[in-house]
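This report refers to the structure that appears directly beneath it.
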Amino acid sequence: MQRISRINVVIAAALMAACSPADRSTAAHPPAAARPPAAVQAPTTGNPLRDELSMLTGPGARECGLVALGQDPAAAWQCARAADSQRTPYWFAIERNGIDSEIWVAALRTPNGQRYMLHYDSNYMGGPGLLPRFTRNACTGFTTLVADSPENIECSYQ
């Protein structure tokens with residue numbers, strides 16, 4: 001029995017000697033090409049609405065702007081219209097009157113050409129804190145700008 005264990009020790013020593021230190025470290029740490037790719041990180045601006053819009057439209061999207069409450073959305077809408085005619089992803093958002101949270105409605109086009117209306121409520125439960133809710137509706141056509149409307153922009157269904 002003692003003879004078998006000595007043989008095992010000799011074989012193990014021979015195998016270890018045959019592997020160079022570089023071979024052992026490579027086995028412990030595979031080359032970068034063999035490692036799985038890192039997960040794509042969502043943009044983090046600290047603004048949940050901007051982050052969601054950027055994630056949906058991608059890095060090459062035209063940012064046509066955040067239109068504050070009471071401001072004219074015509075320039076942002078024209079920017080989006082120009083981007084849409086060029087089949088370029090875009091987004092713009094218009095702030096709405098909220099009771100106890102921030103409310104925004106946004107129009108966007110994704111890199112694959114799908115158009116959406118995105119509704120954002122910074123805290124759908126009301127009160128302090130951040131409990132954001134996004135509601136997304138698909139549009140078949142470009143967004144319509146509606147003057148003197150509570151929403152200002154509407155999905156177009158062509």
Side-chain angles (χ1 to χ4, degrees), residues 19-158:
C19 293
S20 71
D23 292 337
R24 283 191 295 262
S25 67
T26 301
H29 303 287
R35 292 183 192 141
V40 175
Q41 296 293 320
T44 53
T45 64
N47 179 324
L49 175 60
R50 276 189 101 92
D51 291 346
E52 184 76 5
L53 290 167
S54 295
M55 182 187 68
L56 291 169
T57 58
R62 192 171 301 165
E63 296 181 11
C64 292
L66 296 172
V67 181
L69 190 63
Q71 299 297 309
D72 184 5
W77 184 76
Q78 288 293 346
C79 168
R81 185 178 178 101
D84 193 70
S85 70
Q86 297 166 359
R87 298 185 172 169
T88 300
Y90 66 84
W91 64 260
F92 75 99
I94 301 172
E95 186 177 18
R96 304 292 1 126
N97 223 356
I99 296 171
D100 55 8
S101 60
E102 287 185 42
I103 306 292
W104 291 80
V105 61
L108 62 106
R109 180 183 179 124
T110 64
N112 70 0
Q114 178 61 56
R115 298 175 185 107
Y116 292 100
M117 294 290 295
L118 182 75
H119 296 267
Y120 168 71
D121 186 334
S122 66
N123 190 337
Y124 70 96
M125 296 292 286
L130 182 66
L131 289 170
R133 175 183 282 175
F134 296 95
T135 307
R136 185 174 48 177
N137 300 315
C139 305
T140 57
F142 182 68
T143 307
T144 304
L145 186 63
V146 182
D148 301 322
S149 165
E151 289 292 317
N152 274 91
I153 52 177
E154 295 176 357
C155 263
S156 174
Y157 300 100
Q158 299 176 349

Which residues share a ring-ring contact (aromatic ring centres under 6.0 Å, His included) with Y124, sequence neighbours left out: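 None.
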All side-chain hydrogen bond (donor to acceptor under 3.5 Å, both in side chains) counterparts of N112, not counting sequence neighbours: T110
Partners passing side-chain hydrogen bond (donor to acceptor under 3.5 Å, both in side chains) against W104 (at least two apart in sequence or in another chain): E102
Looking at [X] and [Y], what are the two nearest heavy atoms and their distance?
X    : Y    : result
A107 : Y90  : O-CE1, 3.9 Å
I153 : A106 : CD1-C, 4.1 Å
A93  : L49  : CB-CD2, 4.1 Å
C139 : M117 : SG-CG, 3.5 Å
F134 : P48  : CZ-O, 3.5 Å
S101 : S122 : CB-OG, 3.3 Å

Partners passing salt bridge (charged side-chain N to carboxylate O under 4.0 Å, His left out) against E95 (at least two apart in sequence or in another chain):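 Expected list: none.
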Residues forming a salt bridge (charged side-chain N to carboxylate O under 4.0 Å, His left out) with D121, sequence neighbours excluded: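 Applying salt bridge (charged side-chain N to carboxylate O under 4.0 Å, His left out) to D121 gives none.
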For residues 64-78, run the donor-acceptor check on the side chains, cut-off 3.5 Å, and write out each pair with its distance to 0.1 Å, sequence neighbours left out.
unit_1: D72; atom_1: OD1; unit_2: A74; atom_2: N; d: 3.1
unit_1: W77; atom_1: NE1; unit_2: T143; atom_2: O; d: 3.0

S54 side-chain N/O to D51 backbone N/O, donor-acceptor pair under 3.5 Å: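 The answer is no, because no donor-acceptor pair under 3.5 Å joins these two groups.
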Qualifying salt bridge (Lys or Arg N to Asp or Glu O under 4.0 Å) pairs with a residue from [range], counting only residues at least two apart or across chains:
range            : answer
residues 54-66   : R50-E63
residues 74-87   : D84-R109, D84-R115
residues 130-143 : none

Test log, rule side-chain contact (heavy atoms from CB on, under 4.5 Å), inputs D100 and N123: CA-CA 8 Å; D100 55 8; N123 190 337; over 6 Å; no
Separation of T135 OG1 from H119 NE2 (nearest 0.5 Å):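 That separation rounds to 7.0 Å.
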Reported OH-to-CG distance for the pair Y120 and L53, which is rounded to 0.5 angstrom: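 Here the interatomic distance stands at 10.5 Å.
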